[in-house]
Amino acid sequence: MSAWQAFLRKHWMQRSWPAGKAFAWLVSLFGLAFAAQIFWLAGDQRQVLESSARLLNSTVPSTLEQFRLARNIEQLRLDGERVFSGRTPVARQQALFIVSLLSSHPAMLADRRTAALASEVETFLVQAAREGMSEQRYAEWDTLSNRLSLLADDFSIEGANLATDDLQLMATIMLHSQFKLALVLALVAVFLGGFLFLIHRHLIRPLQKMDKALNELRSGSALTPFSRASMAEIRAVEGAIGQLRDVMHENQKARQELHVLATTDSLTGMFNRRHFLALAEEEIKRAHRYARPICVGMADLDHFKDINDRYGHAVGDRVLQSISDLFGHTLRQSDWVSRYGGEEFAFMFTETTIEEAHRLAERLRQRTADNWIDLGDGSGLQMTLSLGLAEASKGSLEAALGRADAALYTAKKQGRNRVVIAGEATATPRKAVHESSDDLDLPVDER
Amino acid sequence: MAAPLSARMCFPAGSSGVCGRLGALCCAALVCAGSAVGLELRVAIARAPVLETPANTQAAPKPTALLADFNFALAREICRRLTAKCVYTYQPFAEIIPAIEDKRIELGFGNHLRTKAREAQVAFSGPLWYSSSRLLSTPAVAERFARQSASEVTLDTLRDVRVAVVSASQQHAYLRSVADTQRLQVLDLATARECIEALNAEQADFVLMYGLGAYLELDATLQPTPVFIGPGIIDHELGGSVHIVLARDDDALRRRVDLALDDMRRDGSYPRLWRRHFPVDLY
């Protein structure tokens, strides 16, 4: 890119122009150009008017005077002929009087050529009348007569030329005006075309892009980035749309965070009790509608109060987090678990029979027992888990959870670290559960 | 003048209500009609040598009265175009300008050349026609002076001669101004006819007068016939445009007269009027 192109891009193309100012500049430019053209045309019009006035006030009277003078010269010639050809002396004398009168006409005297020739004619004719006519004199008169005719023709032609010159000048001016008018119309067309182009490029097209961007915002799809607009106002609106997009994005994020806060337990990341109950209620309804198997469970960490008392709540929290991680790795994606309260957890096993739930719970119990919880200072501890399971395919969620809780109570009562199914008297033997764990629908990495 | 007359007719003293509103309307209409012809003008025409009062007939004038007849016809046409009621009188040429100055007449048709001295006295219409002055003499006198003079006899070369002019004319004013230096005896006469008669009667050696006037006064049947001496003269304000004269302070009338003249030129009535009286075009 050459230096001037870089300069142009920096100082002109990337510069934003307020629409009103840009419009005012364009209108001013157009107005100036148009006014200049109008003044240009007005000059021609003034010239035409001046030429018309000159033609009317000066040229036409001058032309008429020239024609009149030519006519008087011609009459001088005719009366000169009558001096020679008059039938009577009185007629010839009368003709001579007229010759004298014409030769003393101020218009004749005003022109040097005419005055000289008229005086010569008068003198010649007076002399001829006094001294008598002869063939020689008539031959001389013939020469004078021809000169008078030529002079009359000259004045006629000069008179005609006077008007012709002015009319030709006016015709030339009018022709120029015609070209100038065409130029003015071309200028108007160019400016109008330029206006339409600029309006389309800098106003209509950015508006179309903004409309598209707003539609994208409405639909939630990714926003197409704006090209840099030239109009400051358009840039401002594009900036506002970008800000709106950012705000909407932040709001979405905040809404999601609020949802997480409202539905999960902040310590363990599990569903909280309220959200779990709402989901479980819907799931049980669905299972009842389609007669699908479903189970619920209640679990409680054994002797967790002693951990808190012995190691403090921080360790207690660490234990809960570790257990939460363990649950996440052990349970299937379709299984739901929530921190039901303190060290107590609630489960829902969808599309799962009580036998399958039992095997899953037993595996969970076993892994909990095998889980070494690192306390960070080189020491660690192991926890056990007691679980109560209940069939939820019939009856309400509350009733099923109540039965699971009763089973959990039974497990606790029977010595903890065991799984008890509601309605069954004894806990499932731990070994048997271990042996059948391969049949469960476990995560791939846990099998 | 017509308006007061109408007012008196409708509202005689002590008879209020006699005409009533209808009468008032009639009077108003009469006043309006009267104002259309309300302009009254006294017009003076340079005195013709034969006629003592203006000829109102269509009879062909005598050649010597052609100029006065032309002026009278022109004055009538202008009055008609001004919708003016005109009263015409013939007056000697010398009395026309004083009469204008004294407000005894409004328009003067005396074939007046426009000169600086006259511009101080009267106003002028647009030009009527163009004139030059010429010297006239009898052939015998012309021949005698031609023999005496080495060059052509002109106004400037005249010495120790009697020259007849129309009184108060520009020719008269000029001759008076050079009479002493050129040792001229100036005979001021009332009319061009009298000047020619003085020439024929050998009371004057030369006559200085405007060309058209000389042409009209010359009689081709007379023997010997007076002849023109020297070229036409337009210097010393002895030639130029001829005008109607009118009061200097009556600019409105001057404008109206000029408009009437322009109209006559445009519609061709002025050239026709001229051609009806004169054989050559001098306008």
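Numbers restart at 1 for each chain; the letters A, B, ... are given by sequence-line order, proteins then strands. Note that this is a predicted model, so its numbers are computed, not measured. The analysis underlying the following values was restricted to heavy atoms, covering all of them including side chains, and did not include hydrogens, waters or symmetry mates.
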Rounded to the nearest 0.5 Å, what separates atom [atom1] in [X] from atom [atom2] in [Y]?
X	Y	atom1	atom2	value
B:I233	A:L109	CD1	CG	9.5 Å
B:L282	A:M108	CG	CE	9.5 Å
B:S132	A:L101	OG	CG	7.5 Å
B:L136	A:S100	CG	OG	8.5 Å

Inset, instruction - Look only at the side chain of A:H105 and the backbone of B:D281, and say whether a donor-acceptor pair between them is shorter than 3.5 Å. - result: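 It does hold such a pair.
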
Legend entry - Flag, side chain of A:E122 to backbone of B:F228, donor-acceptor distance under 3.5 Å: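 Judged by distance alone, no pair lies under 3.5 Å.
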
Contacting moiety of [X], where chain B heavy atoms sit under 4.5 Å:
X	answer
A:Q94	both
A:I98	both
A:R92	neither

If you count heavy atoms of other groups shown closer than 6.0 angstrom to [atom1] of [X], is the number above 12?
X	atom1	answer
A:E135	CD	no
A:F34	CZ	no
A:Q136	CD	no
A:E140	CD	yes
B:R176	CZ	no
B:E202	CD	no
A:Q178	CD	no

Legend entry - Side chain / backbone / both / neither for B:S133 at chain A, heavy atoms under 4.5 Å: neither

Legend entry - Proximal component of B:P271, with respect to chain A [non-hydrogen, under 4.5 Å]: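 No part of B:P271 comes within 4.5 Å of chain A.
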
Legend entry - Taking every non-hydrogen atom, the tightest pair across B:P279 and A:Q75: O-NE2, 2.6 Å

Inset, instruction - Considering non-hydrogen atoms only, spot the tightest contact between B:S131 and A:P106 and give its length. - result: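 Looking at all heavy atoms of both residues, the shortest contact is O-CG, 3.0 Å.
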
Legend entry - Heavy-atom pairs under 4.5 Å with chain A, option from B:V227, B:T225, B:L212, B:D219 with the top count: B:T225

